[in-house]
Chemist: 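There's a structure below that I have some questions on.
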2 protein chains.
Amino acid sequence: METESVPAAQVAALRRFNRYFTRRIGALDDHYLGQNRPLGEARLLFEIAESPGGVSLRDLRGRLGLDAGYLSRMAKALESQGLVRLSAHPEDNRLRMIETTPTGLTEVKEQNRRANALAAGLLDTLTPAQRDQLIEAMTTSQRLLRLAAITVERVDAATPDARACLDAYAADIDARFPEGFDKSDLVSPEEVSGEAGAFYVAYEEARPIACGALRRLEQGVGEIRHVWVHEQARRLGLARRILEALEQEALTRGLTVVRLDTHATLTEAQAMYRACGYTEIPPYVNHVYADHWFEKQLNNAPR
Amino acid sequence: METESVPAAQVAALRRFNRYFTRRIGALDDHYLGQNRPLGEARLLFEIAESPGGVSLRDLRGRLGLDAGYLSRMAKALESQGLVRLSAHPEDNRLRMIETTPTGLTEVKEQNRRANALAAGLLDTLTPAQRDQLIEAMTTSQRLLRLAAITVERVDAATPDARACLDAYAADIDARFPEGFDKSDLVSPEEVSGEAGAFYVAYEEARPIACGALRRLEQGVGEIRHVWVHEQARRLGLARRILEALEQEALTRGLTVVRLDTHATLTEAQAMYRACGYTEIPPYVNHVYADHWFEKQLNNAPR
DNA sequence: AGAATCCTTTGACTAAAGTCAAAGAACTAT
DNA sequence: ATAGTTCTTTGACTTTAGTCAAAGGATTCT
């Protein structure tokens, strides 16, 4: 039974919260949104307003998961109300671009104002201390819910998702290192596949948002490289999960020690490695961008 | 502008959480519910299952806010599926009672099982520590959201709501005091109205869930009596809010000192009074059920 | 150049959700 | 006893939300 590992009391608490919250807050939110307008149209209008330069119908369809015909009609309805403008895509004449008119934007802003007033009214009766506590609890909940929805998977380093992560990683650290970063320093797909190593990607709602690579260094010793987390997914504890996956992978390959190096500017990373049981060691390899070297003894303790 | 007192950042955080939560969790919940059945029917079935003895259609209509005709038809649909049984109300033949059949109950249980599995799956990827943290954060959020929805109002002590509170109060302490409690000890409506005093009731979604009385004792001195909180609304910090309302009321009446007495068995109450700035004093009145006497100096400090 | 694919529009439906008003049976107040 | 009220049922609608397939123009692949 899949619930075995999760205490029933926690499941009950989650469901209780869910029920209370959707009834109290979610319902309100839905209600204000569709003031005079069907909810579907209101949602669509909001989504369009989110992209100031305009969006293609194709993108919207993907984002909202709507049927093409349904979307086409709703767009037409919004257009006839003067809230959006439709135009051809400058480069691809199959696509249609949609964007809010000033009227549409005013409408969205007004609805946002109302939603804000509603939210403020909700917080209003609480004391400042209680409000702080509520917001903190919600922020924590959201962080953990996000984390729970993220899966870490082994993928081939040659896949577009893996390449996208490595490119983003390279861009990030190129911006951070005073000396910049050259992409040629990235691992090649062959270095982290098959016997040589492994590559892991973390996904949030099908989008790759973090990665990490494991490479066999020598007999019984692995190296962890390119641990990266998307800017908008930081502070969730995701790097730890990537590390754990890589360490687990190392163990199954009979690697009982993992090493890694890091740059002087990445102080948070260093702190994280220490917190995860890594200890600083002398240089084990002469690497251009490395200032600190770490190592961790992996013991196959029951988790 | 009504949002003035609430920082915009907090409003934004609340809305962000709301958006994320309804999209991630609320949607799931709705989805499982209507497995083969329209959502409306599923919700109705669940609501009926909540009341084991059966409910009247009238009550259901109030609870779910449905149109009478709509409800009638959905009830008939559920009946034809063998999930509920309709019968006449034993005392009022206008009303119809509805209750789940064994088949209906099985169905509800099955859906509950699925919802639990879903919730468990959600918590599954988190470490036990993270799960504890999430549940704690949600519990805190829920507590504070409930508290935010509760209003404290001055009402006449002769109203049904006030009497209901006092009756519940009397029943509660009758069960707790070894010597029992006699209702004749309750304040009379005249003692807490007009010049003589005031009565406050706390409401949660239109239901009275807490109360407290203020009575003028002598020149500049008031007495607080009958501070009670419904069993299901305890540990929200509601007693404090009742106290604050009564103290505020006292101040506006020129009472600068408030006193109260309490029974030896009510230790949490004593701790609460102390935490709210009350200090123990010698008996100021000879009262049957009193073992401890407290007093608080009210200074009109800006809040 | 032609075939295959992509994207949007349109027509033709369906199911769900809900609204409104009339009617009738049952109860309550006077 | 009667007038007014309450509650449910039924008929007759409407709106929303969505699905599916055909068709046509635009692009991409080979």
Side-chain angles (χ1 to χ4, degrees), chain A residues 22-23 26-27 29-48 51 54-81 83-99, chain B residues 22-23 26-27 29-48 51 54-81 83-99:
Chain A
T22 45
R23 205 169 43 80
D29 217 54
D30 263 12
H31 204 256
Y32 82 80
L33 255 172
Q35 208 62 357
N36 291 308
R37 208 175 304 293
L39 204 71
E41 279 181 26
R43 269 205 270 260
L44 180 57
L45 183 60
F46 266 67
E47 196 67 36
I48 297 167
S51 322
V55 227
S56 66
L57 290 184
R58 188 242 260 131
D59 285 358
L60 273 179
R61 233 174 56 216
R63 257 192 249 171
L64 298 173
L66 297 171
D67 172 81
Y70 187 25
L71 174 60
S72 174
R73 258 181 276 256
M74 279 205 289
K76 211 161 65 175
L78 288 177
E79 193 185 25
S80 78
Q81 291 168 69
L83 300 169
V84 301
R85 196 182 6 253
L86 283 156
S87 58
H89 189 283
E91 276 148 35
D92 186 339
N93 261 312
R94 288 171 306 180
L95 273 67
R96 296 200 79 191
M97 299 300 287
I98 188 165
E99 69 182 317
Chain B
T22 45
R23 204 168 45 81
D29 217 53
D30 265 11
H31 205 256
Y32 82 79
L33 256 171
Q35 208 61 358
N36 292 307
R37 208 175 302 294
L39 204 71
E41 279 182 24
R43 269 205 270 261
L44 180 57
L45 183 60
F46 266 66
E47 197 67 37
I48 297 166
S51 322
V55 226
S56 65
L57 290 184
R58 189 241 260 129
D59 285 358
L60 274 180
R61 233 174 54 217
R63 257 191 250 172
L64 297 173
L66 296 172
D67 173 81
Y70 188 25
L71 175 60
S72 175
R73 258 181 276 258
M74 279 205 289
K76 211 162 64 172
L78 288 177
E79 193 186 26
S80 77
Q81 290 167 71
L83 300 169
V84 301
R85 195 180 9 251
L86 284 156
S87 57
H89 189 282
E91 277 149 34
D92 186 340
N93 262 313
R94 289 171 305 182
L95 271 67
R96 295 200 79 192
M97 299 300 287
I98 187 166
E99 70 183 315

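What you see is a predicted model; the values in this text were computed from it and never measured. So that the names make sense, note that chain A is the first sequence line, chain B the second, and so on, each numbered from 1.
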Chemist: Roughly how far, to the nearest 0.5 Å, is CG of A/D59 from CD1 of A/I98?
Modeler: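 If we round to the nearest 0.5 Å, A/I98:CD1 and A/D59:CG are 12.0 Å apart.
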Chemist: To the nearest Å, how far apart are A/L60 CG and C/dT8 C1'?
Modeler: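 My rounded result for the distance is 13 Å.
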Chemist: Tell me the closest heavy-atom pair linking A/L57 and A/L71, and the distance in Å.
Modeler: O-CD2, 3.4 Å
Chemist: When the distance from CZ of B/R96 to P of C/dA25 is rounded to whole Å, what number comes out?
Modeler: 14 Å
Chemist: As a test of reading the structure: which of C/dT8, C/dA17, C/dC7 is closest to the side chain of A/L57, going by heavy atoms?
Modeler: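 The listed nucleotide nearest to A/L57's side chain is C/dT8.
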Chemist: Ignoring the backbone of B/Y70, work out which of C/dT19, C/dA26, C/dC6 is nearest its side chain.
Modeler: C/dT19
Chemist: Expressed in angstrom and rounded to an integer, what is the separation of A/D59 atom CG from C/dC6 atom P?
Modeler: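 Checked: the CG to P distance equals 15 Å.
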Chemist: Roughly how many Å is it from NE2 in A/H89 to P in C/dC7, rounded to a whole number?
Modeler: 11 Å
Chemist: How close do B/L95 and B/S56 get, heavy atom to heavy atom, and via which atoms?
Modeler: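 That closest heavy-atom pairing would be CD2-CB, 3.8 Å.
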Chemist: When the distance from CG of B/L95 to P of C/dT28 is rounded to whole Å, what number comes out?
Modeler: 10 Å
Chemist: Quick one: does B/L83's side chain get under 4.5 Å of B/R37's, heavy atoms only?
Modeler: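 Sidechains of B/R37 and B/L83: in contact.
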Chemist: If I take atom CZ from residue B/R43 and atom CG from residue B/L60, how far apart are they, to the nearest 0.5 angstrom?
Modeler: 13.5 Å
Chemist: Name the first nucleotide and the last nucleotide along DNA chain D (5' to 3') that come under 4.0 Å of a heavy atom in chain A.
Modeler: D/dT16 to D/dT27
Chemist: Pick the closest DNA chain C nucleotide for A/D67 and for A/D92 by heavy atoms, then say which residue is nearer the 5' end.
Modeler: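 Result: A/D92.
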Chemist: Rounded to whole Å, how long is the line connecting atom CZ of A/R73 with atom C1' of C/dC13?
Modeler: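 After rounding, the gap between these two atoms is 10 Å.
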Chemist: Classify the nucleic acid contact of B/E41 as base, sugar-phosphate or nothing, counting any heavy atom under 4.0 Å across all strands shown.
Modeler: nothing
Chemist: Could you give all pairs that pass the side-chain hydrogen bond (donor to acceptor under 3.5 Å, both in side chains) test and reach residues 85-98 of chain B, with sequence neighbours left out?
Modeler: B/D92-B/R94
Chemist: Rounded to the nearest angstrom, tell me the gap between atom CG in A/L39 and atom C1' in C/dA16.
Modeler: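 After rounding, the gap between these two atoms is 15 Å.
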Chemist: Using 0.5 Å steps for rounding, measure from the CZ atom of A/R63 to the CZ atom of A/R58.
Modeler: 12.0 Å
Chemist: Counting any heavy atom closer than 4.0 Å, what does A/G69 reach on the DNA or RNA strands: base, sugar-phosphate only, or nothing?
Modeler: base
